[in-house]
Amino acid sequence: MSLYIKRGGYEMDFKKEIAQKISLLTDMELEKVLDLIETPPQKNMGDYAFPCFQLAKVMRKAPNMIAAELAAKVQPDNVVEKAEPAGGYLNFFINKGEYIKEIIYEVLAQGEQFGSSDMGKDKNVVVEFSSPNIAKPFHVGHLYTTVIGNAIEKIYKHLGYNTIKMNHLGDWGTQFGKLISAYKRWGDEAVIEKDPINELLKIYVKFHEEAEKDPALEDEARNYFKKLEDSDPEAVALWQKFRDLSLKEFMELYKKLNISFDSFAGESFYSDKMGEVVEILKEKNLLKDSNGAKIVDLEQFNIPPCMILKSDGATIYATRDLATALYRKRTYDFYKNVYVVGGTQSLHFQQIFSTLGLMGFEWHKDCIHVSTSLVKFADKKLSTRKGDVIFAKDVVNEAIHKTLEVIDIKNANLENKEEVAKMVGIGALLYAFLKNSRDKDVIFTWEDTLSFEGESGPYVQYTYVRGKSILRRAGQVAETADYSFLQSDDEFQLVKLLGGFKDALKEAADRYEPFVVTRHITEIAKAYNKIYNSHPILNAEANVKNARLHLTKAVCTVIYTGLKLVGIETPESM
RNA sequence: GCGCCUGUAGCUCAGUUGGAUAGAGCAACGGACUUCUAAUCCGUGUGCCAGGGGUUCGACUCCCUUCAGGCGCACCA
């Protein structure tokens, strides 16, 4: 499957080789064996284990007997060093020398392409993420889906998928009528130019306060939104202005985070594409009247109905999302259409996907809501309930600022401090969102989020920096090395982790869980640091030194690639 | 009331489509820098895996149920 062709003409897959041996000995299908093979809980138990319990039923023998019999039949070769029975398990010890050679060679040959695949060839994957609302603050909560979506897209791309990054801006809806109304009443041009989102939010909040006293404002706002929908020049111009100003601020943030998009087609883009959705629904006789509104009944799925038209005949966000899905299918003919959006909207997506199914679109099964949990605040002072929203840009700036302070303590003579502080500070911040599964809330505290110790972004970056430092000092590294000089178990365990990188990527893609990659490269970093502290590299005997330099290079490559795939940049020094 | 998510060490979390003695980081304590960047490493403890049933050779994992917390439940997005 890999693009990489080994000198011998094939790429050795140790697990598969072992499965083939078992398959031959037991008459069990290769796929089944591969499925059963697992990793022993302790490293002294071997590298792969085959549980014999299922065979026990068929063969009507005790599992430990079967394991013993199979073990006797396994001959040592360049794949397997030995096989030992252990209770009902048959444990395999792989040929370490061959394995180490195989993996390091592969990493060095492929470089940053290591772990890539052609499994996604000719398959389009739409990834929608970030999607902030125009004229509203981009707060830390938005960072969650932004960071997760960005990582998912990169991982899929690495696996060969053709990805389309979509920022589905919240740039349409009745709130724009309110905003126009508020702007015309209290808008201060100068202030808005200077600090657009803050000021727009301020007048938006003021609108709601005033509207409580004077309900006529609501009518005014409705009227302005109607004008906007009817392409009234003034309304459109104001809407465009708000959109441009907001987007400009968002772009500054994306630039800092090194995140880009292929499309900013937001809700407004689909505002004229909803007629067809309504037509199809009518045609299929799916629309029902309910208190004057038009809905699609979803009782068969045991969920509340999906509203399509409000009682005043206007469309609603569900209508827009249906139009969006339709447009994406036609434009991109997606293999998967992924929505990285907060879990609070999971019912909404269930309704959309179910409705698409009722409309007869089989591809509704390819639409996936990748939900994120909440960002919470341990420090009560930062609670949103008190109106104290934490802006993403403030957190980013604080992260950089704090990192700069640490650099001044740890490495005051560092050259490009600002640039490094940016990579490390943001790395620490992003890592906080990338280290755990999506359905866990992110507890935001300045202390933990901007942590530089233990399992953290800087920890992994630091490991890379140490490795690179050694490579720089070493100067020219020989083309070839004799890896049989990598004798320690620590080194073997590290190489196994490097070899497991591909599986981590695939698992992360399958589960839409970037943390699988984050965690894996953190394990690699731990394993390398352990060696770093206990085995000399530059001062080792020539052959050992050379082999360890190759290993170091491979580690750096995988860490760099892994961090890149979750959206974290890595400095050369820190 | 209904639906979805969560519940594992003092804290924050992993636990590979059911497998062997449930693991990390943080916090605490004790060690390691004339030597490759100590943002590091090594060592020391802790678990009614929320409770109760069930499925089977085997359950943190699957099913049922109870409890606790969170998020949703049509004219906002």
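Each chain gets a letter, A, B and so on, in the order its sequence line appears, and its residues count up from 1. What's counted below: heavy atoms across the whole structure, side chains too, no hydrogens, waters or symmetry copies.
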Practice task
State yes or no: are the ring centers of A:Trp239 and A:Phe225 separated by less than 6.0 Å?
Solution key: no
Completion exercise
Testing B:C71, B:C36, B:U40 for proximity to the side chain of A:Thr344, the answer is B:C71
Exercise for the section: Name the nucleic acid region contacted by A:Ile316, choosing base, sugar-phosphate or nothing; use a 4.0 angstrom heavy-atom cut-off, strictly under. Expected result: sugar-phosphate
Exercise for the section: Could you check whether the rings of A:Phe353 and A:Tyr339 sit parallel, tilted or perpendicular, using 30° and 60° as the cut-offs? Expected result: tilted
Exercise for the section: Pick base, sugar-phosphate or nothing for A:Lys526, based on heavy-atom distances below 4.0 Å to the nucleic acid. Expected result: sugar-phosphate
Exercise for the section: Among B:A74, B:C73, B:U37, find the nucleotide with the atom closest to the side chain of A:Pro304. Expected result: B:C73
Exercise for the section: Could you let me know what B:U34 is paired to, Watson-Crick or G-U wobble, both distances under 3.5 Å, or none if it's on its own? Expected result: none
Handout entry: Euclidean distance for P, B:A27 against B:C73 (whole angstrom)
Key = 40 Å
Exercise for the section: Could you tell me whether A:Thr552 contacts a base, only the sugar-phosphate backbone, or nothing, with contacts defined as non-hydrogen atoms closer than 4.0 Å? Expected result: nothing
Problem - Sugar-phosphate, base or nothing in reach of A:Asp503, heavy atoms under 4.0 Å - result: nothing
Completion exercise
Rounded to whole Å, the CG-C1' distance (A:Asp510 to B:U16) equals 12 Å
Exercise for the section: Answer yes when A:Asp503 and A:Lys506 have at least one side-chain N-carboxylate O distance shorter than 4.0 Å, and no when they do not. Expected result: no
Practice task
In whole angstrom, give the distance that lies between atom CD of A:Glu447 and atom P of B:A27.
Solution key: 8 Å
Output one line per pair: protein atom, nucleotide atom from nucleotides 5-9 of chain B, and distance, for all N/O pairs under 3.5 Å.
unit_1, atom_1, unit_2, atom_2, d
B:U6, OP1, A:Asp439, OD2, 3.3
B:G7, OP1, A:Lys440, NZ, 3.3

Exercise for the section: Quick one: label A:Ile295 by what it contacts on the DNA or RNA (base, sugar-phosphate, nothing), any heavy atom closer than 4.0 Å. Expected result: base
Exercise for the section: Taking the six-membered ring for Trp and the full ring for Phe, Tyr or His, determine whether the centres of A:Tyr327 and A:Tyr270 are under 6.0 Å apart. Expected result: yes
Completion exercise
Here the distance between atom P of B:G3 and atom CG of A:Leu347, to the nearest Å, is 13 Å
Problem - Nearest to side-chain heavy atoms of A:Met307, which nucleotide of B:G70, B:A74, B:U37 - result: B:A74
Practice task
Kindly say if A:Tyr532 contacts the phosphate of B:A38, meaning a side-chain N or O under 4.0 Å from OP1 or OP2.
Solution key: yes
Problem - Carboxylate-amine/guanidinium contact A:Lys178 A:Glu220, below 4.0 Å - result: no
Practice task
Pick the C1' atom in B:C49 and in B:G30, then give their distance to the nearest Å.
Solution key: 30 Å
Fill in the blank from the handout: Checking B:A24, B:C75, B:A38 against the side chain of A:Lys310 (C-beta onward), the nearest is B:C75
Handout entry: 5′-ward residue of the pair A:Leu414/A:Leu309 relative to RNA chain B
Key = A:Leu414
Handout entry: Base-pairing assignment for B:A59 (Watson-Crick or G-U wobble, both under 3.5 Å)
Key = none
Practice task
Determine: side-chain N/O of A:Ser469 to OP1/OP2 of B:C36, distance under 4.0 Å, yes or no.
Solution key: no
Handout entry: Toward the 5' end of RNA chain B, by each residue's nearest nucleotide, A:Asn91 or A:Ala525
Key = A:Asn91
Exercise for the section: Please test A:Tyr459 against A:Phe452 for ring pair (Phe, Tyr, Trp, His ring centres under 6.0 Å), starting from the C-alpha separation and ending with a verdict. Expected result: CA-CA 6 Å; A:Tyr459 173 85; A:Phe452 297 89; over 10 Å; no
Exercise for the section: Look at the side chain of A:Asn529 against the base of B:A39 and say whether a donor-acceptor pair falls under 3.5 Å; ignore hydrogens and angles. Expected result: no
Practice task
Scan A:Thr463 against the nucleic acid and name what it touches under 4.0 Å (heavy atoms): base, sugar-phosphate only, or nothing.
Solution key: nothing
Problem - Base paired to B:U16 (Watson-Crick or G-U; both N/O distances under 3.5 angstrom) - result: none
Exercise for the section: Send over the distance from A:Lys530 NZ to B:G43 C1', rounded to a whole Å. Expected result: 12 Å
Practice task
Remember a base hit wins even if backbone is also touched, and classify A:Val516 as base, sugar-phosphate or nothing at under 4.0 Å, heavy atoms.
Solution key: nothing
Practice task
Taking only the side-chain nitrogens and oxygens of A:Arg548, find out if one of them lies under 4.0 Å from OP1 or OP2 of B:C36.
Solution key: no
Handout entry: Pairwise C1' distance for B:C11 and B:U55, with rounding to whole Å
Key = 36 Å
Problem - Selected nucleotide, minimal atom distance to A:Asn411 side chain, candidates B:U37, B:A20, B:A24 - result: B:U37
Handout entry: Under-3.5 Å donor-acceptor pair between A:Ser534 side chain and B:C41 base
Key = no
Problem - B:A68 to B:C75 separation - C1' atoms, rounded to the nearest Å - result: 35 Å
Practice task
Using the C1' atom as the reference point in each nucleotide, state the distance between B:A9 and B:C67 in Å, no decimals.
Solution key: 22 Å
Practice task
Indicate whether any N or O donor in one side chain lies under 3.5 Å from an N or O acceptor in the other, for A:Asp171 and A:Ser268.
Solution key: yes
Problem - A:Gln42 side chain, from C-beta outward: closest of B:U35, B:U37, B:U21 - result: B:U21
Handout entry: Stepwise salt bridge (Lys or Arg N to Asp or Glu O under 4.0 Å) check, A:Arg548 with A:Glu491
Key = CA-CA 9 Å; A:Arg548 286 183 181 160; A:Glu491 286 163 324; 2.7 Å; yes
Fill in the blank from the handout: When both distances are under 3.5 Å in a Watson-Crick or G-U wobble arrangement, the nucleotide paired with B:G3 is B:C71
Exercise for the section: Side chain of A:Asn291 only, please: which of B:G15, B:U37, B:A74 is the nearest? Expected result: B:A74
Practice task
Answer yes or no: are there more than 12 heavy-atom neighbours, outside A:Glu419 itself, under 6.0 Å from its atom CD?
Solution key: no
Completion exercise
From CG of A:Leu374 across to C1' of B:G70 the rounded distance in Å is 8 Å
Exercise for the section: Could you work out which one of B:A20, B:C13, B:G70 sits closest to the side chain of A:Pro40? Expected result: B:A20
Exercise for the section: Salt-bridge test for A:Glu455 and A:Lys526: reply yes if a basic N is under 4.0 Å from a carboxylate O, no otherwise. Expected result: yes
Exercise for the section: Answer yes or no: side-chain N or O of A:Ser290 and base N or O of B:A74 forming a donor-acceptor pair under 3.5 Å. Expected result: yes
Problem - Validation row, ring centre A:Phe269 to ring centre A:Phe264 under 6.0 Å - result: no
Completion exercise
Which of B:A39, B:U37, B:C75 is nearest the side chain of A:Arg473? It is B:U37
Problem - Interatomic distance where CG belongs to A:Leu549 and C1' belongs to B:C36 [whole Å] - result: 10 Å
Handout entry: Euclidean distance for C1', B:U8 against B:U46 (whole angstrom)
Key = 13 Å
Exercise for the section: Considering only atom C1', compute the distance from B:U12 to B:G1 and round it to an integer number of Å. Expected result: 34 Å
Practice task
Among the candidates B:G15, B:A39, B:A38, find the nucleotide nearest to the side-chain atoms of A:Arg511.
Solution key: B:G15
Exercise for the section: Let me know the distance between CD of A:Glu523 and C1' of B:G25, rounded to the nearest Å. Expected result: 10 Å
Fill in the blank from the handout: Whole-Å distance, A:Leu434 CG to B:C13 P, equals 15 Å
Handout entry: Whole-angstrom distance between B:G10 and B:C62, as gauged at atom C1'
Key = 32 Å
Exercise for the section: Report which part of the nucleic acid A:Glu267 touches: base, sugar-phosphate, or nothing (heavy-atom distance under 4.0 Å, all strands). Expected result: sugar-phosphate
Handout entry: Pairwise distance CG(A:Leu179) to CG(A:Leu201) - rounded to 0.5 angstrom
Key = 9.5 Å
